Structures are given as structure tokens and as C-alpha cells.
Amino acid sequence: MDRRRRATVALTLNFLSLLFSITAFSSSYWCEGVRKVPKPFCTGKDREKPGFCIRFNNSDSNASNVVQYTWETGDDKFIERHFHAGIWYSCEENISGDGERCRSFITLTPPADRGVLWLSIVAEVLYITLLLTGVSLMSVEVCYYTSVIDGLKLNAFAAIFTVLSGLLGMVAHMMYTTVFQMTVNLGPEDWRPQNWDYGWSYCLAWGSFTCCMAASVTTINRYTKTILEFKQRRRNLERSLQQKHNVGEQGGTQPVWDIYINTLQGNREGSVDLAAGGQNPSIYGNLSNFPYTQCDEYC
């Protein structure tokens, strides 16, 4: 792939990573599961939903001299309520099955682990911020027509921000996973689930991390490949000129590499035109034999 196509691929991966991370951070489906709670006694309208409450053999439940009987035994005395939890909230179904009751996940976390949860939140915010910075730099590089040297600078900074964001995202996800497991074991009795598993938000968060690392690898690969081609062309240029001229003939002229750099600063595609540097091409010999002319693109 050429340089612009690789830049577009890196920008697309980084943008997907940013979109996935924001969606996961704002949702409450990192973990899902069920917990068993005792059925309440049927009263009033609850008798219309016998599966959600315990019924008696006598409707006069307020009379103290009446013996009440129930046939619910074992698991029949409990009802399963589904729940889902995220970084900010934990919501579970109402016993009647209508609606949900949400609580702050920070208040459910054991006091000893709340500091780790806050660190996880800070890391997630920094992760999203660095991703946004990387996307901005890559967008400038792709959409704004710059020279090769300016593109290299933007590419280097974008690679640094993308790698740092990936490391912060990995640490943030692992810290939240640890905090949730501690909350399951040491959290409030009225919240601890019997069965739970990771939800779609958790998968989306790690998908964001995967796209981020893929974007960082692509960006670093582009930067490294451009630098290597840069050095190779410098060696070829110097070798070609050394074969045509001796040291005395080159004395008093501008160094060839300076001419090459000055040409690249004003040329977006990195093509070489020695005449653009204000030099007389004849002092370098016949340009028909020159290895990299204006039609030869840098990368």
C-alpha cells in the first residue's frame, strides 16, 4: 500500500477504537448475570402474578388466628432477577418484572477497592483523551496537504499518543475487572450475584483496545518504513555523486543532502528536483543518469 492508503487505514482503526471506547465507557453492560432473591408474600394485585410471589391457602391473611399454608419449597421460594453492571451503574430487574432498579456501582464497591475503581475511571478518561488526540493528528495528516517532513512529524506524534492510549486502556480494563470480582465476593448481600459473565460492553472495550494497538502498529510501521527509505535514498544519492565527482569539484557547493531536504520541505510527495534548490544541475553531471528525478516519488 502507498503512504496515503496506510494513513487512511490507521485513521480508520483509531476512529473505531475511539467510538468503541466511548460506547463502552458510557454503558452499563460490562457484566451481566442473575441473582436469587426470596419471593415476597402475595398481597393485593400481586395475586394476579403468582410466579412472582408466595400464595397462601386462605385469602384472609390479616387474621392472626388463621393458619396459613404455602406449597412453595426449595427453589420455588426464590425468584431469579437479571442484572447488568458497568463502570457507573448496576441495574437489576424489579421482582414484579416491570422496569429496573439502578444503583451507583461506586457505592456497591468495597471501601478498600474504591480507590482502584477511581484509578480505573481516570485511566479510561485519559485513554479516550489520547485516542481523540491521535485521531486529530492522523486526520490532519490525511486531509491536510503537507510536505514529507511535516508528515513525518505528525506521524511520530500520532504513534506516541496511540501507543500510550493503548497501554492506559489495557490497565483500565484490567483494574475494572479486578474491582468487579472483588465486589462480587465482598459486596453487599442484597447485590451479590450467583451467576455472572462479561457483557457486550466488556467485549467492546477490549475490541477498542485491539483496534488501538492495530492502529499504533500501522502508524509505527509507516514511520519506520519512511525513515528507512529516507536513509536508503540518502546513501544512494551520495554514492552516485561520489562516483561522478571528486572532493575538489564539490568544494564550495551546498551539501547534496541539504539540497535534498530543502526540496522535500517544499514538495509534498517527496520528489527530488535539484534545480528547485537554486543549484545548477550541471555541476552534478548528466541528470539523465541521476537515480531519483522529479518523477520518482519518495514513498
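Here the structure is a predicted model, which is why all the values come from computation and not from measurement.
When every heavy atom of T107 is checked against every heavy atom of R114, the shortest pair comes out as O-NH2, 3.1 Å. Here the shortest heavy-atom pairing between G199 and E32 reads CA-OE2, 3.4 Å. Taking each heavy atom of L18 and L132 in turn, the nearest pair found is CD2-CD1, 3.9 Å. Closest of all the heavy-atom pairs between A172 and E124 is CB-OE2, 3.5 Å. Summarising the geometry of R192 relative to N185, their closest heavy-atom pair is CZ-O, 3.5 Å, with the distance given to 0.1 Å. Closest approach of A123 and M175 over heavy atoms only: CB-CE, 4.2 Å.
Between the R6 side chain and the T218 main chain, no donor and acceptor come within less than 3.5 Å of each other. Panel note: side chain S208, backbone L204; no donor-acceptor pair is recorded below 3.5 Å. With hydrogens and angles disregarded, no donor-acceptor distance shorter than 3.5 Å links the side chain of S17 to the backbone of L13. In this structure a side-chain-to-backbone donor-acceptor pair under 3.5 Å is missing from W30 to T177. A donor-acceptor pair under 3.5 Å is formed between the side chain of S165 and the backbone N or O of T162.
In this structure the side chain of V179 never reaches within 4.5 angstrom of the side chain of S120, judged on heavy atoms. Residues N14 and C211 fail the side-chain proximity criterion, which asks for heavy atoms closer than 4.5 Å. Within the 4.5 Å cutoff, the side chain of V125 has heavy atoms near those of the F25 side chain. For the pair V140 and L154, the minimum side-chain heavy-atom distance is below 4.5 Å. Looking at heavy atoms from C-beta onward, D113 lies out of side-chain contact with T183 at the 4.5 angstrom threshold. A heavy-atom distance below 4.5 Å is not found between the side chains of T109 and M182.
In this structure, CD1 on I160 lies 12.0 Å from OG on S216, to the nearest 0.5 angstrom.
By the criterion of side-chain heavy atoms lying less than 4.5 angstrom apart, applied directly or through intervening Ile, Leu, Val, Met, Phe, Trp or Tyr residues, F180 is not grouped with W200; the two fall into different hydrophobic clusters. V217 and M170 fall into different hydrophobic clusters, where Ile, Leu, Val, Met, Phe, Trp and Tyr residues are linked whenever their side-chain heavy atoms come under 4.5 Å apart, directly or through other members. The hydrophobic clustering, which links ILVMFWY residues whose side-chain heavy atoms are closer than 4.5 Å, places V171 and I128 together. Hydrophobic cluster membership differs between Y202 and F20, with clusters built from Ile, Leu, Val, Met, Phe, Trp and Tyr side chains linked at under 4.5 angstrom. Transitive grouping of hydrophobic side chains (ILVMFWY, heavy atoms separated by less than 4.5 Å) keeps L16 and I22 in distinct clusters.
No more than 12 heavy atoms of other residues, nucleotides or ligands shown are found within 6.0 angstrom of CZ on F15.
Checked against R81 for a side chain to side chain donor-acceptor pair (under 3.5 Å), the options E92, E93, E100 give a single hit: E92. Screening W118, Y176, F83, Y89 for a ring pair (Phe, Tyr, Trp, His ring centres under 6.0 Å) with F105, the sole residue that qualifies is Y176.
Using cut-offs of 30° and 60° for the angle between ring planes, the Y29 and H84 rings count as parallel.
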| task | Could you give me the CA-CA distance, side-chain angles and deciding distance for V116 and T178, then say whether side chain to side chain contact (heavy atoms under 4.5 Å, CB included) is met? | result | CA-CA 9 Å; V116 181; T178 303; 5.7 Å; no
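Taking the six-membered ring for Trp, W196 and Y198 have ring centres closer than 6.0 Å.
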